[in-house]
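Heads up: the structure comes next, in structure tokens.
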Amino acid sequence: MKRLEKQFYELPTLELAEKLLGKIFVRMLPGNIRLKARIVETEAYMGEHDEACHAYRGRTARNSSMFRAPGTIYVYFTYGCHYMLNIVSEPENIAGAVLIRSMEPVDGIRVMQELRGTAVVKSLMSGPGKLARALSIDSRCNGKDLYGEEFFLENALPLPEFMIGTSTRVGISKSRELPWRKYIINNPHVSKVRHS
DNA sequence: AGCGTGATCTTT
DNA sequence: AAGATCACGCTG
């Protein structure tokens with residue numbers, strides 16, 4: 001496995017949303033427990049020009065991680081019970097991030113099942129709230145980065161072949177028409193699209 | 001299809 | 001100070 005360097009994240013948001021697909025997210029927990037999962041669904045949130053983005057009206061206490069260096073982790077809490085994991089894109093001081101919407105469990109599945117309170121592997125990480133829970137990610141992770149020992153990405157080897165699908169983003173009320181969701185076609189762990 | 005849950009942001 | 005919203009998940 002080849003670890004991705006800091007430079008990997010220095011990309012425009014939509015491009016990073018595509019490049020993250022298929023990558024292995026590694027999360028180290030106390031006790032040398034290692035969790036690994038493949039990213040299979042993402043969404044781009046394009047900073048101050050995107051009405052659906054938290055940074056649309058500029059920097060606030062909550063969204064300040066989105067203005068930090070690419071490869072920073074932006075975690076926020078919503079709906080009273082869910083944490084959302086995002087990976088920051090764009091140069092420092094320019095807002096942008098990619099929401100990780102679903103993952104395929106790869107390693108440490110028993111620990112993930114424990115954290116999620118369910119044994120059903122297919123639904124362990126098939127949604128942004130679920131995967132954060134399965135990886136024990138909460139607001140303490142906000143502002144950390146992906147080039148240390150606690151969180152990092154790896155290239156999956158051998159490199160998997162897959163086709164990338166594009167659609168509108170899920171669960172937002174503004175700018176719903178923009179095709180900024182990316183996912184691996186036919187991967188069973190991609191979240192079900194919520195319709196309203 | 002409905003609703004819990006609480007932080008954050010906007011409006012008064 | 002009050003009200004609205006929310007990048008969701010679970011039951012039914």
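Letters go in sequence order (proteins before strands), and every chain restarts at 1.
Residue-level contact check: A/Arg181 touches neither bases nor backbone, having no heavy atom under 4.0 Å from any strand.
For the residue pair A/Arg62 and A/Asn142, no side-chain donor N or O sits within less than 3.5 Å of a side-chain acceptor on the partner. When only modelled atom types and interatomic distance are considered, A/Ser126 and A/Lys130 share a side-chain donor-acceptor pair under 3.5 Å. The closest side-chain donor-acceptor pair between A/Thr168 and A/Arg176, if any, does not fall under 3.5 angstrom.
In this structure, CD on A/Glu48 lies 11.0 Å from CD on A/Glu90, to the nearest 0.5 angstrom.
In the set C/dC10, C/dA7, C/dC6, C/dA7 carries the atom at the smallest distance from any side-chain atom of A/Arg101. Each of C/dG9, C/dA7, C/dC6 was ranked by its minimum atom distance to the side chain of A/Tyr79; first place goes to C/dC6. For A/Thr60, whose side chain is taken as the heavy atoms from C-beta onward, the closest listed nucleotide among B/dC9, C/dG9, B/dT5 is B/dC9. Nearest nucleotide to the A/Lys130 side chain, out of C/dC10, C/dC6, C/dC8: C/dC10. Listed nucleotides: C/dA7, B/dG4, B/dT10. Nearest to the side chain of A/Tyr45: C/dA7.
Atom OH of A/Tyr183 is separated from atom C1' of C/dA7 by 18 Å (rounded to the nearest Å). Between A/Arg116 atom CZ and C/dC10 atom P the separation is 5 Å, expressed in whole Å. With rounding to whole Å, A/Arg57 atom CZ is found 13 Å from C/dA4 atom C1'. Straight-line distance from the CE atom of A/Met66 to the P atom of B/dT8: 16 Å, rounded to whole Å. The distance between atom CG of A/Asn63 and atom P of C/dA7, rounded to the nearest whole Å, is 12 Å. Distance A/Leu99 CG to C/dA7 C1': 5 Å, rounded to the nearest Å. The separation between A/Met84 atom CE and B/dG6 atom P is 16 Å, rounded to whole Å. Summarising the geometry, the separation between OH on A/Tyr76 and P on B/dC9 is reported as 12 Å, rounded to the nearest angstrom.
Of all the heavy atoms in A/Glu104 and A/Met125, the pair that sits closest is C-SD, 4.3 Å. For the pair A/Leu146 and A/Phe25, the tightest heavy-atom approach, listed with the atom from each and the gap, is CD2-CE1, 3.8 Å. Of all heavy-atom pairs between A/Asn63 and A/His54, the closest is ND2-O, 3.1 Å.
For A/Thr78 and C/dT5, the shortest distance from a side-chain N or O to OP1 or OP2 is not below 4.0 Å. Contact annotation: A/Arg62 side-chain N/O to B/dA7 OP1/OP2 distance is not under 4.0 Å. OP1 or OP2 of C/dA7 lies within a sub-4.0 Å distance of a side-chain N or O belonging to A/His54.
Judged by ring centres under 5.5 Å apart and planes tilted less than 30 degrees, A/Phe77 fails to stack against the six-membered base ring of B/dA7.
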- Query: In dot-bracket form, how is DNA chain B paired, counting a Watson-Crick or G-U wobble pair only if both its distances are under 3.5 Å and using | for bases paired to another strand?
  - Reply: ||||.||||||.
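Test A/Glu43, A/Glu18, A/Glu41 against A/Lys182 for side-chain hydrogen bond (donor to acceptor under 3.5 Å, both in side chains) and you get one pass: A/Glu18.
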